[in-house]
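One structure below.
Just so we're on the same page: letters track the sequence lines, and every chain starts at 1.
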Number of protein chains: 2
Amino acid sequence: MSKTDSLDAPPPEGLMLPVPGVDYGLLDGLLGYALRRAQNALYLDFYRTTAAWDVSPQRFAALVLIARNPGLRQGLLGQAMGLHRSGALRLTDWLTAQGWAERRDAPGDARAWGLYLTPAGRRRLARLEAAVAEHDRALVAALGDQGAALKAGLERLAWVATARSTDPHNKPRRQKP
Amino acid sequence: MSKTDSLDAPPPEGLMLPVPGVDYGLLDGLLGYALRRAQNALYLDFYRTTAAWDVSPQRFAALVLIARNPGLRQGLLGQAMGLHRSGALRLTDWLTAQGWAERRDAPGDARAWGLYLTPAGRRRLARLEAAVAEHDRALVAALGDQGAALKAGLERLAWVATARSTDPHNKPRRQKP
DNA sequence: TATTGTTATACTCTATAACTATA
DNA sequence: TATAGTTATAGAGTATAACAATA
């Protein structure tokens, strides 16, 4: 899997292992840092599990969204994924170039595309989804009782942080640096 | 804060809000996707809270590490953060160019640098750390009882996923796409 | 010979801005 | 005028590879 031909997924970052002898200070106590460490580890694990498909977590999400919502508009895909229009375009370009998906005219609006998986994309995604689901189940199983609570906590955290970011009362604090 | 002069922190991604009418399929059930949503929201919230300092979460982590480990080697900083040497170099270049930190000769090894905060960097970091800690406390408080469990679950998840990635028995599965 | 850091280069991801076509 | 998508460009972040100096 060379960097120059078919490796379109971002290269995995190195593991953020705690280095003995290094004092992490505040970081060890922060929820945000724990989240970053977990995401780093999970990203590498996802990457390893899905190596045969060369699909990043983000591209995987896009594939699932298109599969479950045939005819999805490019812009709506970007919105669901927190991307700018131009980002959704690049993402769609890649998916179509790789033969996963295709653009068709959207009925009722000549400006827009409807996105669909190709037959080959559907077949490949079925196996990829199974691998990802199995990977997730193994993780949750390894967490035991904590698994369900963790997922619920993450969803709550996303909600809480979103509320903080969206609440007009919470303007950026212009404290003096 | 314009994009072209002093905005060195990465631009915030848009919010990954659930789009009504879109079916997320598998994604809604995945721990990994919940993690991604939470990190997205938390990133934006961090960005807003620390807007006055123009320091990304990663650069903040580097500053704390240097502050708590005066004389830290550049390479060790990169190792702690999961970065390649060249990445640690760029990071250090930025920190020194912005006046946060400085390189000094490392005692006992003429090849290496020891990293130190500047006096101004120490002063600025004290306020920045206070803002970040307060931000984190507010989040945890909003989570109530779930807060502590969430942090413990994330640490466990990082450990479990790391073990999966590093276990030589868990080779990348070369399934057929 | 291995390690520390540097230089040069390339690639991914994402954004902004200006543009076209359609609504 | 507003929206869907495109094109062109820029910037952050990270990687690889070849290199110098030192261990």
Side-chain angles (χ1 to χ4, degrees), chain A residues 1-16 36 40 43-44 47 54-59 61-62 71-79 81-98 103-115, chain B residues 1-16 36 39-40 43-44 47 54-62 71-79 81-98 103-115:
Chain A
M1 193 169 54
S2 86
K3 184 69 179 290
T4 43
D5 46 44
S6 73
L7 179 53
D8 300 279
E13 299 174 17
L15 266 170
M16 288 174 62
R36 183 169 166 77
N40 170 263
Y43 178 87
L44 291 171
Y47 189 84
D54 265 357
V55 168
S56 68
Q58 198 192 24
R59 283 167 180 167
L72 186 66
R73 307 296 182 81
Q74 209 175 276
L76 208 57
L77 174 65
Q79 196 180 321
M81 304 189 55
L83 293 176
H84 187 265
R85 282 176 297 163
S86 62
L89 168 87
R90 304 292 281 266
L91 180 56
T92 305
D93 279 352
W94 187 89
L95 295 174
T96 56
Q98 301 296 314
R103 292 174 166 107
R104 298 189 208 155
D105 290 334
D109 191 336
R111 296 170 301 179
W113 301 113
L115 301 180
Chain B
M1 192 166 55
S2 86
K3 184 71 177 291
T4 45
D5 46 44
S6 73
L7 180 53
D8 300 281
E13 298 174 17
L15 267 169
M16 290 174 61
R36 183 170 166 76
Q39 220 220 1
N40 170 263
Y43 178 88
L44 291 171
Y47 189 85
D54 266 358
V55 169
S56 68
Q58 197 192 25
R59 283 166 180 168
F60 171 72
L72 186 67
R73 306 294 181 80
Q74 210 174 274
L76 208 56
L77 175 65
Q79 196 180 322
M81 304 188 58
L83 293 175
H84 187 266
R85 281 175 298 161
S86 62
L89 168 88
R90 304 289 282 267
L91 179 57
T92 305
D93 279 352
W94 187 90
L95 294 174
T96 56
Q98 301 295 314
R103 291 173 166 108
R104 299 188 207 155
D105 289 334
D109 192 334
R111 295 170 303 180
W113 300 115
L115 301 179

Side chain A/Ser56 and base C/dT12 donor-acceptor under 3.5 Å: no
Proximity to the side chain of A/Gln74 - top-ranked nucleotide from D/dA4, D/dT6, D/dA23: D/dT6
OP1 or OP2 of D/dT6 under 4.0 Å from side-chain N/O of A/Trp113: yes
Side chains of B/Asp54 and B/Gln98 in contact at under 4.5 Å (non-hydrogen atoms): no
Length of the line joining B/Leu91:CG and D/dT14:P, which is rounded to integer Å: 8 Å
Straight-line distance of B/Leu95 CG to B/Leu77 CG, nearest 0.5 Å: 7.5 Å
Whole-Å gap separating P (C/dT4) and CG (B/Asp105): 16 Å
Integer-rounded Å distance: C/dA21 P and A/Asp109 CG: 15 Å
Close side-chain approach of A/Arg103 and A/Gln74, heavy atoms under 4.5 Å: yes
Distance below 4.0 Å between A/Gln58 side-chain N/O and C/dT12 OP1 or OP2: no
Of the listed nucleotides C/dT22, D/dT16, D/dA23, the one nearest the side chain of B/His84: D/dT16
From CZ (B/Arg59) to OG1 (B/Thr92), nearest 0.5 Å: 11.0 Å
Separation of atom CG in B/Leu89 from atom C1' in D/dA12, rounded to whole Å: 15 Å
Sugar-phosphate only, base, or nothing, as touched by A/Gly87 at under 4.0 Å among non-hydrogen atoms: nothing
Distance test, side-chain N/O of B/Arg85 to OP1/OP2 of D/dA17, below 4.0 Å: no
Any B/Arg59 side-chain nitrogen or oxygen under 4.0 Å from OP1 or OP2 of D/dG13: yes
Euclidean distance, atom CZ of residue A/Arg111 to atom P of C/dT22 [Å, nearest integer]: 10 Å
Nearest-Å distance for atom pair CH2/P, residues A/Trp94 and C/dT12: 11 Å
Side-chain touch B/Gln58/A/Arg36, heavy atoms, less than 4.5 angstrom: yes
Spacing of A/Tyr43 atom OH relative to D/dT14 atom C1', expressed in whole Å: 11 Å
B/Arg90 side chain near C/dG5 phosphate (N/O to OP1/OP2, under 4.0 Å): no
Euclidean distance, atom CG of residue A/Asp93 to atom P of D/dA8 [Å, nearest integer]: 12 Å
Base of C/dT7 paired with side chain of B/Ser86 (donor-acceptor, under 3.5 Å): no
